[in-house]
Amino acid sequence: MENITADGKIKTIRCVKATHEDFAKLVQLGKDAKKELETLEKQWGYTLVQLKEIIKQEAYKTITYETATKTIVELYTEMIQKAEQLYAYHNAYHILMEEGVNELLDTIGIAPDSYGYDFYQLCLEN
């Protein structure tokens with residue numbers, strides 16, 4: 001196998017190294033972004049998918065939550081920003097952690113896509 005050194009250690013092809021604290025921080029940031037997005041959805045009564053459909057027809061319709069009023073465009077923009085934050089944290093975690101797992105699986109002959117597991121999502125949900 002080409003990913004194993006002469007002394008039996010796994011070669012790393014990743015160019016970025018991370019500590020346990022880095023992974024923990026990415027998980028916490030993701031949990032925070034996920035919670036903020038869920039809070040926005042709960043407060044305003046719309047999901048991103050619903051807003052995407054409404055925005056096609058009523059982009060400047062205003063909706064109110066308690067004393068705050070926003071247009072559909074403003075709310076959609078705010079939610080999309082949170083969703084993009086969550087995606088960015090997921091992507092960073094994937095590069096740092098899951099690529100290493102994929103390399104390890106490859107050394108034992110398991111295709112990385114065959115297990116269909118998202119470690120970051122597991123961390124966010126637990």
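These numbers come from the heavy atoms of this one structure, side chains and all, not from hydrogens, waters or symmetry mates.
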Who pairs with [X] by salt bridge (charged side-chain N to carboxylate O under 4.0 Å, His left out), at least two apart in sequence or on another chain?
X: Lys70; result: Glu78
X: Lys82; result: Glu36
X: Glu58; result: none
X: Glu41; result: none

Is it true that atom NZ of Lys25 has more than 12 heavy atoms of other residues, nucleotides or ligands lying nearer than 6.0 Å?
no
Non-neighbouring partners of [X] that pass side-chain hydrogen bond (donor to acceptor under 3.5 Å, both in side chains), sequence neighbours left out:
X: Thr64; value: Thr69
X: Glu53; value: Lys56
X: Glu21; value: Thr19
X: Asp32; value: Gln28

Got a sec, which hydrophobics cluster with Val49, joining ILVMFWY side chains under 4.5 Å apart, including via others?
none
Transitive ILVMFWY cluster of Val73 at side-chain heavy atoms under 4.5 Å: who else is in it?
Leu37, Leu40, Trp44, Tyr46, Leu48, Leu51, Ile54, Ile55, Tyr60, Ile63, Tyr65, Ile72, Leu75, Tyr76, Met79, Ile80
CD-CD distance between Glu38 and Gln43, expressed to the nearest 0.5 angstrom
12.0 Å
With sequence neighbours left out, the residues meeting side chain to side chain contact (heavy atoms under 4.5 Å, CB included) with Glu125 are Lys34, Gln121
Residues at least two apart in sequence or cross-chain that pass side chain to side chain contact (heavy atoms under 4.5 Å, CB included) with Ala92, listed by chain then number, are Leu26
